[in-house]
Novice: 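Encoded as structure tokens, here's the structure I'll be asking about.
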Amino acid sequence: MSDLIHPSAVIEPGAKLGEGVRIGPFCHVGPDVTLHANVELKSHVVVTGTTEVGEETVIFPFAVIGEIPQDLKFRGEKTSLRIGKRNRIREHVTMNTGTEGGGGVTEVGNDGLFMAACHVAHDVKVGNNVILVNNVALAGHCVIEDDVIVGGLSGVHQWVRIGKGAIIGAVTMVTNDVIPYGLVQGPRGKLDGLNLVGLKRRGVAREDITALRAAFQMLAQGEGAFQERARRLGSETQSAYVREIVDFVLGDSDRSFLTPG
């Protein structure tokens, strides 16, 4: 056995291991798993199902990756989990494969941080540079776009979409869609403004932040229904950031929106 694989690890026949993969003590890797180059399983990690883990991802002890969905409608159909590159998946995290009814694939992007005891349910789509703080639970079919941060002990209802660059406060239940760059907080999540700190950290130009602030006010106080305000905003804006919000609001969704108070 390779010096990079501890002798107590169980690697089932059929598993595909890329160059430089490190597997620590008492890990279990299933027969349909692909671990790409330089993936590291620290110890006591289970990776099973039809699961692909991207390059340089590190998975910490007692994580269970690729187990079947927590969905009573699941009947053993062949589904999968795809995880991108350079993720940090901390202790006791669980990520499930998809279901036939949800498209069959759970997807996680690149460069994410999934802190201890987070759950990524079946058919979820997670973008790049996402941070889930300790004990966050994403229910089935959620879409979490790039650069989202979800605070600790928060839950996201099934089918909810959280737009690019949004931030969710700690101990928050998110029951409806969140616009890109939105700020949500409170026990029953409310849209309280924009993620201005995140925008500034990413170096977004002052004129774009000003345009986003004006767009938020229009969505909060303009005439007509929320989608009507967004449609009108789309006909008036020149800002690419505001256009992202408009496209998100006018896109397909199975939920309503958290709207400005």
Side-chain angles (χ1 to χ4, degrees), residues 1-128 130 132 136-144 158:
M1 185 163 298
S2 165
D3 291 341
L4 300 180
I5 299 175
H6 195 276
S8 66
V10 176
I11 315 297
E12 295 199 34
K16 299 179 178 63
L17 307 184
E19 184 178 355
V21 167
R22 302 177 65 90
I23 300 178
F26 304 105
C27 292
H28 181 264
V29 179
D32 298 317
V33 169
T34 300
L35 305 179
H36 288 281
N38 300 311
V39 166
E40 181 177 3
L41 311 184
K42 291 283 191 178
S43 74
H44 299 83
V45 173
V46 174
V47 186
T48 188
T50 304
T51 297
E52 181 177 355
V53 182
E55 298 167 8
E56 299 181 30
T57 288
V58 180
I59 306 179
F60 285 73
F62 304 105
V64 179
I65 307 300
E67 261 296 358
I68 64 172
Q70 298 178 117
D71 185 339
L72 293 175
K73 298 186 295 299
F74 182 73
R75 292 291 181 267
E77 60 265 27
K78 191 78 167 179
T79 59
S80 63
L81 167 65
R82 293 200 293 260
I83 298 171
K85 302 175 182 178
R86 298 177 301 277
N87 289 286
R88 296 294 178 267
I89 300 173
R90 295 303 304 250
E91 297 82 357
H92 297 280
V93 168
T94 55
M95 296 183 177
N96 294 159
T97 57
T99 63
E100 185 177 31
V105 181
T106 304
E107 296 182 87
V108 174
N110 303 324
D111 300 300
L113 172 57
F114 301 86
M115 295 189 192
C118 292
H119 177 61
V120 177
H122 59 88
D123 307 297
V124 167
K125 305 291 185 275
V126 177
N128 300 321
V130 168
L132 304 185
V136 167
L138 304 180
H141 312 281
C142 291
V143 176
I144 313 298
Q158 59 263 37

Novice: In chain order, what residues pass the side-chain contact (heavy atoms from CB on, under 4.5 Å) check against N87, with sequence neighbours excluded?
Specialist: T57, I83, I89, V108, F114
Novice: What is the distance from atom CG of D123 to atom OG1 of T99, rounded to the nearest 0.5 Å?
Specialist: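 Output value for this atom pair is 3.5 Å.
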Novice: Quick one: CG on L4 to CD on E40, what's the gap to the nearest 0.5 Å?
Specialist: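 Those atoms lie 9.5 Å apart.
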Novice: For the pair D111 and N128, evaluate side chain to side chain contact (heavy atoms under 4.5 Å, CB included) and give the outcome as yes or no after the intermediate values.
Specialist: CA-CA 6 Å; D111 300 300; N128 300 321; 5.6 Å; no
Novice: What about H44 and H28, are their ring centers closer than 6.0 Å?
Specialist: no
Novice: How long is the gap from CD1 on I23 to CG on L41, to the nearest 0.5 Å?
Specialist: 5.0 Å
Novice: Checking Q70 now: which residues fulfil side-chain contact (heavy atoms from CB on, under 4.5 Å) with it, not counting sequence neighbours?
Specialist: N96, H119
Novice: Go through V126 and L138 one step at a time and tell me if the side chain to side chain contact (heavy atoms under 4.5 Å, CB included) criterion holds.
Specialist: CA-CA 10 Å; V126 177; L138 304 180; 4.1 Å; yes
Novice: Ignoring hydrogens, what is the shortest heavy-atom contact between E12 and P31? Give both atom names and the distance.
Specialist: OE1-CD, 3.4 Å
Novice: Enter the distance from R75:CZ to E100:CD here, rounded to the nearest 0.5 Å.
Specialist: 11.0 Å
Novice: Applying side-chain contact (heavy atoms from CB on, under 4.5 Å), can you list everything that pairs with Q158, at least two apart in sequence or on another chain?
Specialist: A139
Novice: Under the salt bridge (Lys or Arg N to Asp or Glu O under 4.0 Å) rule, what pairs show up with a residue in residues 25-36, not counting sequence neighbours?
Specialist: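 Listed by first then second residue: D32-K78.
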Novice: Which atoms form the tightest heavy-atom contact between S8 and P25, and what is the distance?
Specialist: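 Heavy atoms only, the tightest pair is OG-CA, 3.3 Å.
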Novice: Do V93 and L132 come close enough that some side-chain heavy atom pair is under 4.5 Å?
Specialist: no
Novice: How long is the span from the CD1 atom in I65 to the CD1 atom in I59, to the nearest 0.5 Å?
Specialist: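 One gets 5.0 Å once the value is rounded to the nearest 0.5 Å.
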Novice: Checking R82 now: which residues fulfil salt bridge (charged side-chain N to carboxylate O under 4.0 Å, His left out) with it, not counting sequence neighbours?
Specialist: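 Counting only residues at least two positions away or on another chain, R82 forms a salt bridge (charged side-chain N to carboxylate O under 4.0 Å, His left out) with E107.
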Novice: Can you name the closest pair of heavy atoms from G30 and A15 and give their distance?
Specialist: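 So the minimum-distance heavy-atom pair works out to O-CB, 3.3 Å.
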Novice: How far does CZ of F60 sit from OG of S43, to the nearest 0.5 angstrom?
Specialist: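 The distance works out to 10.5 Å.
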Novice: Just by modelled atom types, is the K16 backbone N or O under 3.5 Å from a matching donor or acceptor in the T34 side chain?
Specialist: no
Novice: What are the two closest non-hydrogen atoms of H141 and V124, and how far apart are they?
Specialist: N-CG2, 3.9 Å
Novice: Which residues pass the side-chain contact (heavy atoms from CB on, under 4.5 Å) test with K85, not counting sequence neighbours?
Specialist: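 If we apply the side-chain contact (heavy atoms from CB on, under 4.5 Å) test to K85, skipping adjacent residues, the hits are E55, N110.
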Novice: Specify the closest pair of heavy atoms between P69 and G98, including all atoms of both residues, with the distance to one decimal.
Specialist: CG-O, 3.2 Å
Novice: What's the shortest heavy-atom distance between I68 and T97, and which atoms?
Specialist: CA-OG1, 3.9 Å
Novice: Evaluate whether atom CZ of R88 has more than 12 neighbouring non-hydrogen atoms of other residues, nucleotides or ligands under 6.0 angstrom away.
Specialist: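 Yes, the 6.0 Å shell around CZ holds more than 12 heavy atoms from other groups.
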